[in-house]
> 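To start, I am sharing the structure in question, which I have written as structure tokens.
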Amino acid sequence: MTKAYDPYENMLHVMQTAADTLGLKDSDYEIFKYPERELKVSVPVTMDNGTVRVFDGYRVQHSTLRGPAKGGIRFHPNVDMQEVKALAAWMSIKCAIADIPYGGGKGGVCVDVQQLSEGELERLTRGYTARIAPIIGEDTDIPAPDVNTNGQTMAWIMDTYSKVSGQYTPGVVTGKPVEIGGSVGRTEATGRGVMICAHEMVEREGLAASQCKVAVQGAGNVGMTAARLMQETGFTIVALSDISGGIYKESGLDTREIAEYLSVKGRLLRDYQADGVTHITNEQVLSCKCDLLVPAAMENQITASNAEEVRAHMIVEGANGPTTTEADAILADKGILVVPDVLANSGGVIVSYFEWVQNRQMYYWEEEEVNDRLQQKMLHAFEQVYKVAKKYKVSLRQGAYMIALQRLVAASRMRGIFL
Ligand SMILES: NC(=O)c1ccc[n+]([C@@H]2O[C@H](COP(=O)([O-])OP(=O)(O)OC[C@H]3O[C@@H](n4cnc5c(N)ncnc54)[C@H](O)[C@@H]3O)[C@@H](O)[C@H]2O)c1
């Protein structure tokens with residue numbers, strides 16, 4: 001019987017391998033195996049019909065050694081403590097690789113947002129914020145959007161936190177709408193970072209974007225933006241999927257038109273129609289004939305049972321944890337290069353950092369400045385990961401974890417253990 005997928009176990013395995021390659025002593029990184037703080041809350045919500053439902057919510061702070069905890073909030077029926085712990089740890093690794101002064105955190109509520117009205121969603125968000133308010137703050141733990149949360153969700157969090165603390169506190173969350181202290185460029189930042197990594201990978205393989213066909217799993221904030229920006233910069237997007245299924249067109253999908261189509265709430269790809277577009281399954285998107293695959297939906301998508309089917313020779317991970325450890329080994333055997341999540345999707349947290357800096361200074365930048373600085377940081381991180389991976393003859397994922405662990409361990413040694 002195969003063991004049930006546990007994202008936290010997955011993370012520990014990758015970290016252990018990186019620690020072994022670096023020759024670290026157990027005592028150097030033992031503390032990173034355990035989150036600093038795990039909070040579970042129950043959030044009562046008065047539903048539109050007058051009944052009360054109670055939702056499970058979580059906030060985990062994996063590490064605050066390099067700065068305040070930082071990481072998104074997810075609303076999804078699969079959210080549980082193991083998932084949130086893994087997502088929080090990945091944020092510690094990601095912020096260390098990007099070299100921004102944050103630790104890692106993550107939060108979530110176990111809920112199917114499709115079943116909630118706008119009013120119920122607002123009450124749930126505010127109730128959850130009030131429950132986690134004692135441990136979040138602009139100097140302690142700063143949430144951001146993740147799956148099924150967006151600028152509106154962040155606006156409710158910022159407002160609730162500001163009201164309960166009695167102080168206007170825009171820096172308590174990032175990914176806010178620009179009208180209330182968000183940063184220009186933040187909504188697109190994760191997808192933009194994926195696009196930047198895709199170009200870097202392709203160039204290092206001696207290819208041009210115009211030669212590459214791309215399949216993207218997930219048509220949300222990350223996947224749709226990445227697909228659109230990649231098409232705008234020369235790639236051909238042949239396949240795209242969302243929760244309802246996939247679409248395919250060998251000569252290339254019109255991602256701008258699809259993004260506009262999906263911008264109407266409730267619309268799904270299964271209902272999208274256009275000349276030459278055929279409907280395929282989600283599995284077929286992962287295994288279709290393409291050069292580059294961008295999983296940008298959820299974790300645990302490329303697994304031991306479908307990794308053999310992947311035909312792309314490069315993968316750029318937009319989602320967090322889309323590839324299991326077993327699948328990673330299969331992909332490596334097949335010679336498929338993987339730009340890991342902790343590097344490829346770090347554009348979001350990098351611009352979140354810029355947003356927080358702007359909030360603290362009450363001084364706002366132009367979009368060009370945000371995008372230029374994002375590009376600089378991503379390219380620098382990519383180069384460092386690439387160099388370490390080459391030097392130690394390991395995967396880019398291992399290279400990325402090795403850099404992160406070195407930085408985390410250095411911070412830990414300098415700060416020492418209190419008591
Ligand atoms: N939003 C960010 O800034 C950000 C930053 C870093 C990483 N991420 C990660 O990127 C991933 C996507 O986040 P998002 O913000 O784009 O979420 P989102 O809610 O905006 O979009 C998720 C998309 O994935 C689709 N989807 C869900 N399950 C699917 C499945 N089984 N097969 C195919 N499609 C499926 C949904 O229909 C939707 O199109 C997550 O892993 C998230 O943790 C997001």
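Just so it is clear, the structure is predicted and the values come from calculations on it, not from any experiment. We use all heavy atoms of the structure for the numbers below, so side chains are in, but hydrogens, waters and symmetry mates are not. Order of appearance sets the numbers: ligands from 1, and atoms from 1 within every ligand.
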> Closer than 4.0 Å to some heavy atom of Ala319 - which atoms of ligand 1 meet that?
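Those atoms are 9 (C), 10 (O), 11 (C), 41 (O).
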
> Name the option, out of Gly71, Pro322, Ala297, that contains the heavy atom nearest to atom 35 (C) of ligand 1.
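Comparing heavy atoms across Gly71, Pro322, Ala297, the nearest one to atom 35 (C) of ligand 1 lies in Ala297.
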
> Looking only at protein heavy atoms, which one is nearest to atom 23 (C) of ligand 1, and what is the separation?
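Of the protein heavy atoms, Gly220 N, 3.7 Å lies nearest.
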
> Would you say that Val357 contacts Trp365 through its side chain, given a criterion of any heavy-atom pair below 4.5 Å between the two side chains?
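In contact.
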
> What protein heavy atom lies closest to atom 43 (O) of ligand 1? Include the residue and the distance to one decimal.
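Looking only at protein heavy atoms, the one closest to atom 43 (O) of ligand 1 is Asp146 OD1, 2.6 Å.
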
> Can His199 and Phe235 be said to form a ring-ring contact (aromatic ring centres under 6.0 Å, His included), step by step?
CA-CA 9 Å; His199 280 282; Phe235 289 97; 4.8 Å; yes

> Has Asn49 got more than 12 heavy atoms of other residues, nucleotides or ligands less than 6.0 Å from its CG?
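Correct, the count exceeds 12.
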
> If you define the side chain from C-beta out and look only at heavy atoms, does anything of Arg74 sit under 4.5 Å from Asn148?
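SC-SC contact between Arg74 and Asn148 ruled out.
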
> Consider every N or O of Asn320 and every N or O of ligand 1, then say whether any pair is closer than 3.5 Å.
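In this structure, Asn320 places an N or O atom under 3.5 Å from an N or O of ligand 1.
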
> Are the side chains of Ser346 and Met378 in touch, meaning some heavy atoms are under 4.5 Å apart?
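Ser346 vs Met378: side chains touch.
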
> Considering non-hydrogen atoms of the protein only, which is the closest contact for atom 39 (O) of ligand 1, and what is the distance?
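It is Ala219 N, 3.0 Å.
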
> In the structure I gave you, are the side-chain heavy atoms of Pro77 and Asp112 within less than 4.5 Å of one another anywhere?
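Yes. Closest side-chain heavy atoms under 4.5 Å.
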
> For atom 31 (N) of ligand 1, what is the nearest protein heavy atom, given as residue, atom name and distance?
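Answer, as residue, atom name and distance: Gln301 OE1, 3.8 Å.
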
> Can you figure out which of Thr190, Thr187, Val147 has its heavy atom closest to atom 5 (C) of ligand 1?
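Selected option, by shortest heavy-atom distance: Thr190.
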
> Can you check whether Gly223 has an N/O within less than 3.5 Å of an N/O in ligand 1?
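So ligand 1 has no N or O lying under 3.5 Å from an N or O of Gly223.
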
> Out of all atoms in ligand 1, which are within 4.0 Å of some heavy atom of Gln217? Include the element for each.
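Those atoms are 32 (N), 33 (C).
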
> Hey, mind stepping through Asp141 and Lys106 against salt bridge (Lys or Arg N to Asp or Glu O under 4.0 Å) and telling me if it holds?
CA-CA 9 Å; Asp141 182 358; Lys106 204 80 180 194; over 6 Å; no

> Which distance, rounded to the nearest 0.5 Å, do you find between the OG1 of Thr153 and the CZ of Arg126?
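The OG1 atom of Thr153 sits 11.5 Å away from the CZ atom of Arg126.
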
> Within the 4.5 Å heavy-atom criterion, are His313 and Lys334 side-chain neighbours or not?
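They are not in side-chain contact.
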
> Should you measure from each heavy atom of Ser241, which atoms of ligand 1 turn up under 4.0 Å away?
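It comes down to these atoms of ligand 1: 33 (C).
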
> Are the side chains of Thr174 and Met158 in contact, using a 4.5 Å heavy-atom criterion?
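When only atoms from C-beta onward are counted, Thr174 and Met158 do not touch, as no gap falls below 4.5 Å.
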
> Could you find the nearest protein heavy atom to atom 1 (N) of ligand 1 and give me its residue, atom name and distance?
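Protein heavy atom with the smallest distance to atom 1 (N) of ligand 1: Asn221 OD1, 3.8 Å.
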
> Of the backbone atoms (N, CA, C, O) and the side-chain heavy atoms from C-beta on, which set of Asn282 has a member under 4.0 Å from an atom of ligand 1: side chain, backbone, both, or neither?
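Side chain only.
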
> Where is the nearest protein heavy atom to atom 25 (C) of ligand 1: which residue, which atom, and how far?
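Ranking protein heavy atoms by distance from atom 25 (C) of ligand 1, first comes Ile243 N, 3.8 Å.
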
> Which residue and atom name correspond to the protein heavy atom nearest atom 34 (N) of ligand 1, and how close is it?
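Minimum-distance protein heavy atom for atom 34 (N) of ligand 1 reads Asp242 C, 3.2 Å.
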
> Could you measure the distance from the CD atom of Gln384 to the CG atom of Leu343? Nearest 0.5 Å is fine.
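Those atoms lie 10.0 Å apart.
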
> With heavy atoms under 4.0 Å as the rule, classify the contact between Ser346 and ligand 1 as side chain, backbone, both or neither.
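The answer is neither.
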
> If you have a sec, work out which protein heavy atom is nearest atom 14 (P) of ligand 1 and how many Å separate them, to one decimal?
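Heavy-atom neighbour on the protein nearest atom 14 (P) of ligand 1: Val222 CG2, 3.9 Å.
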
> Arg74 heavy atoms, cut-off 4.0 Å: which ligand 1 atoms fall inside?
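Every atom of ligand 1 under 4.0 Å from some heavy atom of Arg74: 40 (C), 41 (O), 42 (C), 43 (O).
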
> Please classify the Glu299 to ligand 1 contact at 4.0 Å (heavy-atom distances, strictly less than): side chain, backbone, both or neither.
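Neither; no heavy atom under 4.0 Å.
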
> Can you list, pair by pair, the side-chain donor-acceptor contacts under 3.5 Å of residues 87-104, counting residues two or more places apart and other chains?
from  : atom 1 : to     : atom 2 : distance (Å)
Trp90 : NE1    : Tyr401 : OH     : 3.1
Ser92 : OG     : His62  : ND1    : 2.7
Ser92 : OG     : Gly104 : N      : 3.3
Lys94 : NZ     : Asn320 : OD1    : 2.9
Lys94 : NZ     : Asn345 : OD1    : 2.7
Asp99 : OD1    : Arg66  : NH2    : 2.8

> Please identify which atoms of ligand 1 are closer than 4.0 Å to at least one heavy atom of Gly218.
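Under 4.0 Å from Gly218, ligand 1 has these atoms: 24 (O).
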
> Any side-chain heavy atom of Asn359 within less than 4.5 Å of one from Glu138?
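When only atoms from C-beta onward are counted, Glu138 and Asn359 do not touch, as no gap falls below 4.5 Å.
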
> Which bit of Arg186 gets closer than 4.0 Å to ligand 1, counting heavy atoms only: side chain, backbone, both or neither?
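Contact part for Arg186 vs ligand 1: side chain (C-beta onward).
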
> For Gly318, counting its heavy atoms only, list the atoms of ligand 1 lying under 4.0 Å from any of them.
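Atoms satisfying the 4.0 Å criterion: 7 (C), 9 (C), 10 (O).
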
> Which atoms of ligand 1 are found less than 4.0 Å from any heavy atom of Asn148?
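Reading through ligand 1 atom by atom, the close ones are 19 (O).
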
> Any side-chain heavy atom of Met81 within less than 4.5 Å of one from Val60?
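Yes - at least one pair of side-chain heavy atoms lies under 4.5 Å apart.
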
> Which bit of Met224 is near ligand 1, meaning a heavy atom under 4.0 Å away: side chain, backbone, both or neither?
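It is neither; nothing of Met224 touches ligand 1.
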
